[in-house]
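Here the structure comes first, spelled out in structure tokens, and everything after it is commentary.
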2 protein chains.
Amino acid sequence: MTAHGEGVRDDGPRDADETAAQPRPAEGITVPEPQDRARSIPEAAVARLAVYLRVLSGLAEQEVHTVSSEELASAAGVNSAKLRKDLSYIGSYGTRGVGYEVAVLIGQIERTLGLTQQHRVAVIGIGNLGHALANYGGFPNRGFPVAALFDLDPDLMGVPVGGIPVDHVDDIPRVCAERDITIGAIATPAKGAQDVCDRLVQAGVRCVLNFAPVVLQVPEEVEVRKVDLAVEMQILSFHVARRSQEPQESGDPGDGVDGTPQSKTRDVNAGADPVDGMVVRS
Amino acid sequence: MTAHGEGVRDDGPRDADETAAQPRPAEGITVPEPQDRARSIPEAAVARLAVYLRVLSGLAEQEVHTVSSEELASAAGVNSAKLRKDLSYIGSYGTRGVGYEVAVLIGQIERTLGLTQQHRVAVIGIGNLGHALANYGGFPNRGFPVAALFDLDPDLMGVPVGGIPVDHVDDIPRVCAERDITIGAIATPAKGAQDVCDRLVQAGVRCVLNFAPVVLQVPEEVEVRKVDLAVEMQILSFHVARRSQEPQESGDPGDGVDGTPQSKTRDVNAGADPVDGMVVRS
DNA sequence: ACCTGTGAAGGACTTCACAGCG
DNA sequence: CGCTGTGAAGTCCTTCACAGGT
């Protein structure tokens with residue numbers, strides 16, 4: 001999403017449609033619209049599929065071959081009904097009374113998310129974050145290899161970061177075409193972000209991950225997802241403020257549920273994993 | 001979001017409720033539930049308020065004193081009806097026929113988001129991302145100062161990063177208490193994340209920003225927001241795949257809208273800004 | 001005239017709950 | 001008997017459209 005999330009999300013709470021004038025369906029009875037040619041998977045479900053995929057990869061590595069909706073759901077942090085519905089959007093690959101075969105699900109989710117095609121990423125803005133991204137090298141499973149780096153700083157030109165030499169932003173069109181870049185990650189300060197984005201679009205890049213605190217204007221065929229740390233922190237801030245404002249909830253009678261467990265199901269995610277974060281040093 | 005573009009999309013897809021058993025209202029007519037004591041602002045609206053705040057700060061700097069819902073909305077990438085509804089959740093601070101006073105709105109949004117209280121942030125995991133976060137110093141307006149850094153690596157102990165010396169993760173409880181930390185940003189590899197999170201919770205931190213590719217298990221009084229780059233990229237991937245699968249939409253008759261403008265309203269966001277991204281070098 | 005604030009309609013996503021298959 | 005897959009109900013969010021100030 002992000003979303004959404006940017007959920008988004010988130011993000012999230014996360015969608016960018018604003019530019020296009022919408023069709024406005026004809027009057028009268030609300031017709032189903034013959035527009036759903038392919039399976040239309042809810043945006044929110046797509047984001048979760050990516051999460052399930054990560055969890056499933058962890059399971060595969062632990063040689064787990066079968067998993068129930070309940071298990072998978074709790075490891076992914078959702079409830080099982082939601083998980084089953086999400087999976088139902090991509091087809092019926094479970095076995096009633098048993099569960100899902102891990103390998104099969106992985107394959108189907110990868111296919112749905114378009115991970116059979118490899119996406120090559122360009123990072124623009126080689127500051128602290130740019131470095132982090134450039135070194136992010138191996139993503140969970142099928143990688144999103146970083147294949148180009150750009151900056152304005154003359155001192156950086158040609159300097160290799162994470163094994164890739166930095167090019168000048170003016171070369172974005174040429175280099176992106178040569179290296180078949182499909183995703184651009186904008187990690188510049190706010191000021192230069194729209195300009196960089198325009199160049200990426202010009203170069204034919206149709207997916208942008210924006211870390212700059214700016215709302216990018218793009219033609220509608222381009223998909224932008226935004227990651228904004230300040231926004232995330234402000235949302236956290238809101239929730240704390242809200243909680244301290246709303247002191248003690250008078251004990252709800254008739255439901256003595258509490259003694260919240262601190263950590264359950266802490267195995268699946270924490271297992272032996274090559275699923276390294278984006279951090280390099282421990 | 002995830003959401004794509006803005007909300008993430010995100011995200012959107014970002015919430016962590018699973019543990020608690022819900023009350024199940026009594027049978028019969030669905031009662032409104034007397035549960036909405038304080039103004040309950042939709043989660044989705046909160047995320048956008050943070051975005052409006054950033055745009056408004058930019059306007060304030062440009063000495064703009066008044067703004068209409070239409071202007072503010074387009075700068076924030078949402079439609080004006082949504083913006084007005086969002087603002088209505090925090091009260092009526094506009095003037096009909098005129099618009100909103102920038103300074104007033106900023107104040108009200110800050111109050112709503114709890115930004116009157118300052119939040120001190122601890123970063124755990126001083127790798128590439130950790131460095132980026134530590135140097136992120138000044139957030140848009142009211143800062144979220146980074147006040148503590150932690151890692152496992154003995155070589156890093158005491159080394160200052162962004163002006164703050166690194167402490168050992170074993171000291172999280174003590175240091176967090178001493179420095180009154182309210183937000184923890186987990187930038188460790190997946191393996192150590194849950195452990196670090198448990199220590200933060202133990203230290204009384206109730207807000208966590210999680211960058212590790214793991215679903216953290218926390219007691220319900222703790223709020224977790226997750227930022228997962230791999231997930232964001234996979235969502236982008238899904239949208240590209242989908243578009244190339246669904247070739248040409250046969251020209252929709254009766255609606256010749258197109259010629260999408262590449263960039264409109266590119267001023268507000270790009271203005272002279274101290275709103276530096278998290279990148280240090282240009 | 002213009003723009004805000006908001007009820008009401010509409011749409012999207014979530015949860016329930018159970019039929020149906022292994 | 002357990003677990004998946006899914007209509008139906010419910011909840012949350014968005015968009016419409018207009019009443020009501022200025």
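Per chain, numbering begins at 1; letters A, B, ... match sequence-line order. From a predicted model like this one, the values you see are computed outputs, not experimental measurements. Note that these values count all heavy atoms, side chains included, but never hydrogens, waters or copies made by symmetry.
A donor atom on one side chain and an acceptor atom on the other are found under 3.5 Å apart for A:E43 and B:H239.
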Stepwise, does the side-chain contact (heavy atoms from CB on, under 4.5 Å) test hold for B:L115 with B:F144?
-> CA-CA 9 Å; B:L115 301 179; B:F144 287 79; 3.7 Å; yes

Output a table of nitrogen or oxygen pairs between the protein and nucleotides 18-22 of chain D separated by less than 3.5 Å.
residue : atom : partner : partner atom : Å
D:dG20  : N3   : B:R96   : NH1          : 3.1
D:dT22  : O4'  : B:R96   : O            : 3.2

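Here B:R48 pairs with B:D86 under the salt bridge (charged side-chain N to carboxylate O under 4.0 Å, His left out) rule; sequence neighbours left out.
Per the geometry, CD1 belonging to B:I90 stands 14 Å off P belonging to C:dT4, to the nearest Å. Computed from coordinates, the B:Y52 OH to C:dT4 C1' distance equals 15 Å when rounded to whole Å. Separating the CG atom of B:L83 from the P atom of C:dG5 is a distance of 10 Å, rounded to the nearest angstrom. What separates CD of A:E43 from C1' of D:dT14 is a distance of 15 Å, to the nearest Å. The interatomic distance linking B:D86 (CG) with D:dC13 (C1') rounds to 10 Å, in whole Å. Whole-Å rounding puts the B:L72 CG to C:dG5 P distance at 12 Å. Taking atom OH of A:Y93 as the reference point, atom P of D:dG5 lies 10 Å away to the nearest angstrom. If you measure from atom OH of A:Y100 to atom C1' of C:dC21, you get 13 Å, rounded to the nearest angstrom.
Here the CD1-CZ distance, from B:I106 to B:R54, works out to 12.5 Å after rounding to the nearest 0.5 Å.
The A:S92 side chain lies nearest to D:dT6 when the options are D:dT6, C:dG5, C:dT14. Side-chain proximity of B:K82 to D:dC13, D:dG5, D:dT15: nearest is D:dT15. Side-chain atoms of B:Y89 lie closest to D:dT14 of the nucleotides C:dT4, D:dT14, C:dC13.
A sub-4.0 Å separation between OP1 or OP2 of D:dT4 and a side-chain N or O of A:S69 is present. For the pair A:N79 and C:dT15, the criterion of a side-chain N or O lying under 4.0 Å from OP1 or OP2 is met.
Proximity of a side-chain donor or acceptor of B:E223 to a complementary backbone N or O of A:V240 within less than 3.5 Å is not detected. Under the 3.5 Å distance criterion, the side-chain polar atoms of B:T182 are left unmatched by any main-chain donor or acceptor of B:H119. Proximity of a side-chain donor or acceptor of A:E61 to a complementary backbone N or O of A:G58 within less than 3.5 Å is not detected.
Residue order along DNA chain C, read from the 5' end via each residue's closest nucleotide, puts B:G99 first among B:G99 and B:K85.
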